[in-house]
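To keep things clear, I will list the structure first and then write my remarks on it.
Chain naming here is simple, since letters A, B, ... match the order of the sequence lines and numbering starts at 1 in each. All values reported here derive from a predicted model rather than from experimental measurement.
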Number of protein chains: 2
Amino acid sequence: MGITERKEREKEEMRKLILQGAQKLFLENGFEKVSIRNIADAIEYSPATIYLYYKDKNDLLYAIHNIGFQKMIAEFQPALSLDAPFDRLVELGRRYFRFAFENPEFFDLMFIMTAPIDAMACRDDIWDEGKAAFGILVKCVQDCIDTGVFKTRDAEVASMMIWSMVHGNTALFLRKRLEMFEENRRKEVMEEAFNLFVETIRKGL
Amino acid sequence: MGITERKEREKEEMRKLILQGAQKLFLENGFEKVSIRNIADAIEYSPATIYLYYKDKNDLLYAIHNIGFQKMIAEFQPALSLDAPFDRLVELGRRYFRFAFENPEFFDLMFIMTAPIDAMACRDDIWDEGKAAFGILVKCVQDCIDTGVFKTRDAEVASMMIWSMVHGNTALFLRKRLEMFEENRRKEVMEEAFNLFVETIRKGL
DNA sequence: CTTGTTTACTAAACAGTGTTTAGTAGATTT
DNA sequence: AAATCTACTAAACACTGTTTAGTAAACAAG
């Protein structure tokens, strides 16, 4: 029955077409400014067609959110080839921020907006990407513990602490909450705060 | 000329009426779900009237955002009466999270959403609240430095680091990004991460 | 090859959104 | 009493996400 297989394949291709159109518009214009009608126009289909392939707008955002996680995890890889576990950790932190800075719309979707999260109610397989990304961090921290760099015993808790710091730094900057610093000093203060954090946990964690 | 003064007063009262109606609805139903028309209905005026007192929706959100800062600063006060500077710092952190947990809509507006920030383009007096709140933290950190609890020299950078950790912790939780932890463990992990951070900076900052 | 059925798609409508425009009662001034 | 000004609103504009009803084309069965 090659016919149902072809249909299946065409359906999958259509999903991809919509996703790519949506992604392009989202990354170009930001989220708030992209509507279902825009996406439909871009791929030359009617708005209603999109609803045959995605439950709603959040479902579409969730799909893009996943692409973002794949991209981020890919960009994490080079950091993992560093020799010293602590160096790996620091490089992961820097890459987290760089990813956010270069892909603010992805970052929004992955860590700030609630929309894609709303789309994944009930389903469980759905946290795989987030888990994988966090898993990379936990493994790195565990290596630091195992090689005696850190004295803490709980890698998960330590990871949570580290992620919080790096994420907070990043999110406050991206959401323009550091305007109390002069524009030219802003990134410097962030960098110094990160470095201070690195030195503090190197000595005391 | 008591008449122009009365008009002035009435204008101010109308601004307050709108603001209170808006605030009530926002805190009750969340932001996404409150429209200008809802607010207009609640205070029994037409939607257009609101635009005679506030430039646009963002302007209104900015006004509420300010109320949030006043509330938060007020809730910070008791922490400042503690004797040891380090205890003050820890208590500030706990109160930051508690405020966010108990007033998620305010917290969103104050630290996550971009809408109120967009409303304050150009104007400068406008960062006063944010500056004041951050100032409380910096003073506290400076006290820690002065009493020899911290060895770092730069209170601003250290404050930025501390704020980042506490904010990151809070924001990730509020935006449901900790679903990789089982529901009952979630707050526990956060708490432990915070405590670990506190111990780490007590020893090594 | 002609039926009948299923599939893929869309035009139009629904119920909302933020915001602007034009116009009207009533208070204030002359 | 007439003219002006103020405070307000009805209605419209240009959007939004989503659903419904209906249509052409592709397919399956006789």
Quiz prompt | Rounded distance in Å - CG (B:N58) to P (C:dG18) | solution = 11 Å
Practice problem: Could you pull out all residues at least two apart from A:E105 that satisfy side chain to side chain donor-acceptor pair (under 3.5 Å)? | Solution: none
Return a table of donor-acceptor pairs under 3.5 angstrom between the side chains of residues 166-174 of chain A and protein atoms on other chains or two or more places apart.
unit_1, atom_1, unit_2, atom_2, d
A:H167, ND1, A:Y96, OH, 2.9
A:N169, ND2, B:S164, OG, 3.0
A:T170, OG1, A:V166, O, 2.7

Practice problem: Keeping to residues at least two apart or across chains, list the side chain to side chain donor-acceptor pair (under 3.5 Å) pairs with something in residues 132-142 of chain A. | Solution: A:K139-A:D143, A:Q142-A:D146
Quiz item: What pairs meet the ring-ring contact (aromatic ring centres under 6.0 Å, His included) rule with one or both residues in residues 28-58 of chain B, with sequence neighbours excluded?
Solution: B:F26-B:F31
Acceptor/donor pairs from residues 32-39 of chain B side chains to any protein atom, 3.5 angstrom cut, sequence neighbours excluded:
unit_1, atom_1, unit_2, atom_2, d
B:S35, OG, B:R37, N, 3.4
B:S35, OG, B:N38, N, 3.1
B:S35, OG, B:N38, OD1, 3.2
B:S35, OG, B:N38, ND2, 3.4
B:N38, OD1, B:S35, N, 3.1

Can you list, pair by pair, the side-chain donor-acceptor contacts under 3.5 Å of residues 106-121 of chain A, counting residues two or more places apart and other chains?
unit_1, atom_1, unit_2, atom_2, d
A:D108, OD1, A:R175, NH2, 3.0
A:D108, OD2, A:R175, NH2, 2.7

Self-check item: Interatomic distance where CD1 belongs to A:I43 and P belongs to C:dC9 [whole Å]
Solution: 10 Å
Quiz item: Separation of B:D56 atom CG from C:dT19 atom C1', in whole Å?
Solution: 9 Å
Quiz item: Considering only heavy atoms, which members of residues 10-31 of chain A lie under 4.0 Å from some atom of DNA chain C?
Solution: A:K11
Quiz prompt | Residues forming a salt bridge (Lys or Arg N to Asp or Glu O under 4.0 Å) with B:R15, sequence neighbours excluded | solution = none
Exercise. Calculate the interatomic distance between A:L60 atom CG and D:dT16 atom P; express it in whole Å.
Key: 15 Å
Quiz prompt | Protein-nucleotide distance (A:I39, atom CD1; D:dT18, atom C1'), rounded to Å | solution = 13 Å
Exercise. Would you state whether a donor and an acceptor, one from the side chain of B:R37 and one from the base of C:dG18, lie under 3.5 Å apart?
Key: yes
Quiz item: What are the residues of residues 44-55 of chain B, sorted by number, that bring a heavy atom to within less than 4.0 Å of DNA chain C?
Solution: B:A48, B:Y51
Quiz item: Does the distance from a Lys or Arg side-chain N to an Asp or Glu carboxylate O, for B:K187 and B:E192, drop under 4.0 Å?
Solution: no
Exercise. Provide, to the nearest angstrom, the distance between the CG atom belonging to A:N38 and the P atom belonging to D:dT18.
Key: 14 Å
